[in-house]
Protein chains: 2
Amino acid sequence: MEIKLTTYPSEPCCNLDISGEEQTQLIAMFKALGNPTRFEIMKFLVTHPTCITGDIVEYLPIAQATVSQHLKVLKQAGWIGGITEGPATKYCLQEDNIAWFREKVGYIF
Amino acid sequence: MEIKLTTYPSEPCCNLDISGEEQTQLIAMFKALGNPTRFEIMKFLVTHPTCITGDIVEYLPIAQATVSQHLKVLKQAGWIGGITEGPATKYCLQEDNIAWFREKVGYIF
DNA sequence: CCCCTTTATCGTAATTTTACGATAGCAGTA
DNA sequence: TACTGCTATCGTAAAATTACGATAAAGGGG
């Protein structure tokens with residue numbers, strides 16, 4: 001027979017069990033994705049792996065300098081990585097960090 | 001026998017298959033959590049369900065007005081809900097929205 | 001009704017973010 | 001070496017965010 005508690009403590013819908021460096025890293029990733037332009041860049045990279053900066057500039061309605069700045073934010077947050085390829089830079093999703101994000105979010109929510 | 005492709009298209013590590021209103025909502029939730037103070041408020045609410053604003057003000061080293069502002073952001077993003085209880089306001093996690101967030105993130109990553 | 005408690009909002013200052021044009025740097029090519 | 005193409009960085013302006021004190025609003029107690 002199952003005994004059910006009808007009073008507190010009730011089961012919280014998430015634990016948010018994270019702290020320190022990991023929390024800082026996760027917050028940085030949240031912050032980076034909390035911007036429509038950067039989210040679009042991420043989506044573009046899913047369908048256009050290893051594309052170069054110019055491809056993204058061509059795709060988005062914003063200036064090249066702004067795109068470069070957003071790419072820097074995404075890179076520093078760990079979402080993407082850039083590889084210099086001649087005069088261009090090829091960007092791609094940082095799969096290991098994305099996997100880490102997926103696991104952490106899956107655990108704390 | 002399994003045939004393995006060694007060239008593109010390779011399997012992307014996430015699909016980010018979202019758009020429109022849902023994407024806007026998700027970005028707003030990312031943005032709201034992309035702030036250390038607001039993240040701490042969320043963590044506090046996990047361990048202190050239905051606490052009032054004053055409890056959070058007491059816990060955090062920032063002014064009451066600032067806390068109230070952060071609570072507003074979290075509420076508008078859908079993370080929390082507030083119930084007026086006499087002169088005070090009881091805040092709690094918005095479980096349904098959090099569940100939605102968990103499912104969406106689980107799907108697109 | 002007056003006061004006290006609690007919280008949201010207002011006004012404002014400092015900081016950060018976002019965006020752009022201009023420029024510099026770097027790799028490849030003629 | 002000069003030139004072209006591509007991208008990062010610089011300088012700067014506009015907008016948004018963050019933080020605070022002061023004030024207003026609203027509920028409950030005397």
Side-chain angles (χ1 to χ4, degrees), chain A residues 23-45 48-94, chain B residues 23-45 48-94:
Chain A
Q23 175 174 318
T24 302
Q25 171 63 26
L26 195 68
I27 290 174
M29 295 186 83
F30 276 138
K31 185 176 182 182
L33 267 201
N35 172 283
T37 301
R38 286 194 288 268
F39 198 91
E40 286 298 337
I41 291 176
M42 287 291 290
K43 284 173 70 174
F44 187 78
L45 283 178
H48 301 76
T50 70
C51 70
I52 67 176
T53 307
D55 298 330
I56 305 174
V57 173
E58 190 179 315
Y59 173 69
L60 295 175
I62 58 179
Q64 179 266 323
T66 308
V67 171
S68 189
Q69 209 165 305
H70 281 306
L71 288 171
K72 190 177 179 181
V73 173
L74 286 173
K75 193 168 148 191
Q76 288 180 333
W79 284 111
I80 65 177
I83 303 172
T84 301
E85 189 99 347
T89 306
K90 290 210 292 193
Y91 281 99
C92 54
L93 299 177
Q94 201 74 15
Chain B
Q23 177 174 318
T24 302
Q25 171 64 25
L26 194 67
I27 290 174
M29 295 185 83
F30 276 137
K31 185 175 181 179
L33 267 201
N35 172 283
T37 300
R38 285 193 291 267
F39 198 91
E40 287 296 338
I41 291 177
M42 287 291 291
K43 283 173 69 175
F44 187 78
L45 283 178
H48 302 76
T50 70
C51 69
I52 66 174
T53 307
D55 298 330
I56 306 174
V57 172
E58 190 178 315
Y59 172 68
L60 294 176
I62 58 180
Q64 180 265 325
T66 308
V67 171
S68 189
Q69 210 166 305
H70 281 306
L71 288 170
K72 189 178 182 183
V73 173
L74 286 172
K75 191 169 152 191
Q76 287 179 333
W79 284 111
I80 67 176
I83 302 171
T84 300
E85 190 99 347
T89 306
K90 291 212 290 194
Y91 281 99
C92 54
L93 299 177
Q94 200 74 14

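Only heavy atoms go into these numbers, but all of them, side chains included; no hydrogens, no water, no symmetry mates. Throughout, a chain's letter reflects where its sequence line sits, starting with A, and its residues are numbered from 1.
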Subject >> Point-to-point distance, once rounded to the nearest 0.5 Å, from CG of B:Leu71 to OG1 of B:Thr89 >> reply: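 B:Leu71 atom CG to B:Thr89 atom OG1 measures 9.0 Å (nearest 0.5 Å).
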Subject >> Rounded distance (nearest 0.5 Å) linking atom CG of B:Leu33 with atom CG of B:Leu74 >> reply: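 One gets 7.0 Å once the value is rounded to the nearest 0.5 Å.
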**OP:** Please determine, by modelled atom types, if B:Gln94 and B:Lys75 share a side-chain donor-acceptor pair under 3.5 angstrom.
**Re:**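 Checked: B:Gln94/B:Lys75 side chains show no N/O donor-acceptor pair below 3.5 Å.
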OP1 or OP2 of [N] versus the side-chain N and O atoms of [X]: is any pair under 4.0 Å?
{"X": "B:Lys31", "N": "D:dA16", "answer": "no"}
{"X": "A:Thr66", "N": "C:dC20", "answer": "yes"}
{"X": "A:Asn35", "N": "C:dT17", "answer": "no"}
{"X": "B:Tyr91", "N": "C:dT6", "answer": "no"}
{"X": "A:His70", "N": "C:dA19", "answer": "yes"}

Measure from [atom1] on [X] to [atom2] on [N] and round the result to the nearest Å.
{"X": "B:Glu85", "N": "C:dT6", "atom1": "CD", "atom2": "C1'", "result": "13 Å"}
{"X": "B:Lys72", "N": "D:dT17", "atom1": "NZ", "atom2": "P", "result": "12 Å"}
{"X": "B:Glu40", "N": "D:dT18", "atom1": "CD", "atom2": "P", "result": "15 Å"}
{"X": "A:Ile41", "N": "C:dT18", "atom1": "CD1", "atom2": "C1'", "result": "12 Å"}
{"X": "A:Gln69", "N": "D:dT9", "atom1": "CD", "atom2": "C1'", "result": "9 Å"}
{"X": "B:Ile80", "N": "C:dT7", "atom1": "CD1", "atom2": "C1'", "result": "13 Å"}
{"X": "A:Lys75", "N": "D:dT7", "atom1": "NZ", "atom2": "C1'", "result": "11 Å"}
{"X": "A:Ile27", "N": "C:dT16", "atom1": "CD1", "atom2": "C1'", "result": "17 Å"}

Original post:
Contact class for B:Thr53 (heavy atom, under 4.0 Å): base, sugar-phosphate, or nothing?
Top reply: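 Result for B:Thr53 = sugar-phosphate.
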Original post:
When all nucleic acid strands are considered with a 4.0 Å heavy-atom cut-off, which category describes B:Leu71: base, sugar-phosphate, or nothing?
Top reply: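 Counting heavy atoms under 4.0 Å across all strands, no contact is made by B:Leu71.
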**OP:** Find out whether B:Ile80 and B:Met42 are in side-chain contact, i.e. whether some heavy atom of one side chain is under 4.5 Å from a heavy atom of the other.
**Re:**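 Of all side-chain heavy-atom pairs linking B:Met42 with B:Ile80, at least one is under 4.5 Å.
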Original post:
With a 4.5 Å limit on heavy-atom distance, are the side chains of A:Asn35 and B:Ile27 in contact?
Top reply: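 The answer is no, as the side chains (C-beta and beyond) never meet within the 4.5 Å cut-off.
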Original post:
For A:Gln64 and A:Thr84, take the nucleotide of DNA chain C holding the closest heavy atom to each; which residue's nucleotide lies nearer the 5' end?
Top reply: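 This one resolves to A:Gln64.
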**OP:** Name the residue closer to the 5' end of DNA chain C, choosing between B:Val67 and A:Ala65 according to the nucleotide with the nearest heavy atom.
**Re:**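 So the residue in question is B:Val67.
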Original post:
With respect to the side chain of B:Thr37, which nucleotide from C:dT18, D:dA19, C:dA8 is positioned closest?
Top reply: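 Closest nucleotide among those given: D:dA19.
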Subject >> Among C:dT5, C:dA27, D:dT18, the one nearest A:Pro87 by side-chain distance >> reply: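 Nucleotide nearest to A:Pro87's side chain: C:dA27.
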